[in-house]
There are 2 protein chains.
Amino acid sequence: MALGKDYATQECSIARALEIVGERWTLLVVRDALYGVRRYNDFLVHLGVPRAVLSARLKTLTEEGILEKRRYQESPPRDEYVLTERGIALWPALRALGLWGREHFTERPLRRFQHVNCGTELGPYGECPACGTFVPAADVLSVPGEGLDPDPADPVSRALLKPKRLLEPIEIEHG
Amino acid sequence: MALGKDYATQECSIARALEIVGERWTLLVVRDALYGVRRYNDFLVHLGVPRAVLSARLKTLTEEGILEKRRYQESPPRDEYVLTERGIALWPALRALGLWGREHFTERPLRRFQHVNCGTELGPYGECPACGTFVPAADVLSVPGEGLDPDPADPVSRALLKPKRLLEPIEIEHG
DNA sequence: CTTCTTGGTTCAATCACTGAACCTAGGGTG
DNA sequence: CACCCTAGGTTCAGTGATTGAACCAAGAAG
């Protein structure tokens, strides 16, 4: 979003939410974090976003308590960005938005989501039709769909080709 | 969203969705349309958005099949913008986003949503806990919450103070 | 004939995004 | 020690989107 990211006159929690996550690239950063991306460089190559924008988004997301920056090694010092509870709570919204995009603007599903306990594909509201419960993000298994490029260029997309739980960190193959 | 509203490298239905509705103000226009706002001037005063931006958003939303422009009187010729099926299908995403905003960034609820059949307040996923079904937008009753300004300046906000079904056109009091 | 309403368009100023270049701290190699 | 590499940034000029104010037009109303 550009120029005055706030919606001053709007007395509305949707507007409040959009002030936080409504800027360009922000929700895609959160999506990647749900998919298990954690490191600056992985966000960078996977999103294709300018570094300045990525830095700014990671900063505000951290300040708003959606991501947490934490040290994962001391020498050399390196940090990673991990979703907080507040960030994980965006999963239903992203799920709903993604489903809308798929149903109205994409031919074949790019990614399917299953309940990890029973393998059942999630219903439209993120519920498990078999178990009759809403599936928390950590119990969602993401499996690649037919529409997905089977041989992507960047290592992050390649790592995301394996079935994998949400939030579980991705494993990059080097070489 | 600014500058290149597309996410070319993103093979993802969330990115597809955001290309359509991710620009600044767009989701708030859809929200207002769900609340029953239909006319150019009503969007204008309620959103406080520049006219040029509103015109642009209404145009793309119409082109993308989310709104439909239709004549509501012949003399003088006047058009209104009404949500299509595709637009109404954004309700779960807006509901999820609004709930996230409310739970994490707003003290008191600004608006409550009930199942019109039984009066039960909707659950977090837009379901009716009493009936056990997902409530379509047209069957959602919007009632003002404690956090809402009881005497707003613009006539659209005043019209939205009454309990009202989603999608049902607002009634502006003149004078 | 003048004014009001509705629904816009135009335009300069401002601000955000982009892409490329540069920077820094810490390793690793010869 | 000299050199290159990686991860994680910052800086900056150019471009594009947003803003707010002004202007426009068609029909109705007085």
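Keep in mind that what you see is a predicted model, and the values were worked out from it rather than measured. So that the names make sense, note that chain A is the first sequence line, chain B the second, and so on, each numbered from 1.
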Subject >> Arg111(A) to Tyr35(A), cation-pi by 6.0 Å centre distance and 45° axis angle >> reply: yes
**OP:** Tell me which nucleotide among dT6(C), dT11(D), dG8(C) gets nearest to the side chain of Ala52(A).
**Re:** dT11(D)
**OP:** May I have the distance from Phe43(B) (atom CZ) to dT6(C) (atom C1'), rounded to whole angstrom?
**Re:** 15 Å
**OP:** Just call it for Tyr81(B): base, sugar-phosphate, or nothing, with non-hydrogen atoms closer than 4.0 Å on any strand.
**Re:** sugar-phosphate
Original post:
dG8(D) P sits how many Å from Lys59(A) NZ, rounded?
Top reply: 18 Å
Original post:
Whole-Å distance between dA7(D) P and Asp42(A) CG?
Top reply: 9 Å
Can you tabulate the close N/O pairs, meaning under 3.5 Å, that link protein atoms to atoms of nucleotides 22-27 of chain C?
{"unit_1": "dG27(C)", "atom_1": "OP1", "unit_2": "Ser75(A)", "atom_2": "O", "d": "3.4"}
{"unit_1": "dG27(C)", "atom_1": "OP1", "unit_2": "Ser75(A)", "atom_2": "OG", "d": "2.1"}
{"unit_1": "dG27(C)", "atom_1": "OP1", "unit_2": "Pro76(A)", "atom_2": "N", "d": "3.3"}
{"unit_1": "dG27(C)", "atom_1": "OP2", "unit_2": "Ser75(A)", "atom_2": "OG", "d": "2.8"}

Original post:
Starting at CZ of Arg38(A) and ending at P of dG8(D), how long is that distance when rounded to a whole Å?
Top reply: 13 Å
Original post:
Rounded to the Å, how far apart are Trp25(A) CH2 and dT18(C) P?
Top reply: 6 Å
**OP:** Report the nucleotide, chosen from dG9(D), dT18(D), dC17(C), that has the shortest atom-to-atom distance to any side-chain atom of Glu23(A).
**Re:** dC17(C)
**OP:** For dC17(C), take OP1 and OP2 only and decide whether either is under 4.0 Å from a side-chain N or O of Arg57(A).
**Re:** yes
Subject >> Partners passing salt bridge (charged side-chain N to carboxylate O under 4.0 Å, His left out) against Arg16(A) (at least two apart in sequence or in another chain) >> reply: Glu19(A)
**OP:** Answer yes or no: does a side-chain N or O of Tyr7(A) lie under 4.0 Å from OP1 or OP2 of dT18(D)?
**Re:** no
**OP:** Please state how far atom CG in Leu44(B) lies from atom C1' in dG8(C), giving the value in whole angstrom units.
**Re:** 10 Å
Original post:
Pairs in or reaching into residues 32-48 of chain B: which pass salt bridge (Lys or Arg N to Asp or Glu O under 4.0 Å), with residues at least two apart or in two chains?
Top reply: Arg38(B)-Glu80(B)
**OP:** List in chain and number order the residues that pass salt bridge (charged side-chain N to carboxylate O under 4.0 Å, His left out) with Lys59(B), two or more places apart in sequence or in another chain; answer none if no residue qualifies.
**Re:** Glu63(B)
**OP:** List in chain and number order the residues that pass salt bridge (charged side-chain N to carboxylate O under 4.0 Å, His left out) with Arg112(A), two or more places apart in sequence or in another chain; answer none if no residue qualifies.
**Re:** Glu121(A), Glu146(A)
Original post:
Rounding to a whole Å, what distance do you find between Asp79(B):CG and dG7(C):P?
Top reply: 8 Å
Original post:
Considering only dC17(C), dT18(D), dG8(D), which nucleotide approaches the side chain of Tyr72(A) most closely?
Top reply: dG8(D)
Subject >> Contact under 4.0 Å: Ser55(B) side-chain N or O vs dT9(C) OP1/OP2 >> reply: yes
**OP:** Let me know the distance between CG of Leu58(A) and P of dT10(D), rounded to the nearest Å.
**Re:** 10 Å
Original post:
In the hydrophobic clustering that connects Ile, Leu, Val, Met, Phe, Trp and Tyr at side-chain heavy-atom distances below 4.5 Å, which members other than Phe134(B) occupy its cluster, ordered by chain and number?
Top reply: Tyr125(A), Phe134(A), Tyr125(B)
Subject >> Cation-pi check, Arg51(B) onto Tyr40(B) ring (under 6.0 Å, within 45° of axis) >> reply: no
Original post:
At under 4.0 Å between heavy atoms, what does Lys69(A) touch on the DNA or RNA strands: base, sugar-phosphate, or nothing?
Top reply: sugar-phosphate
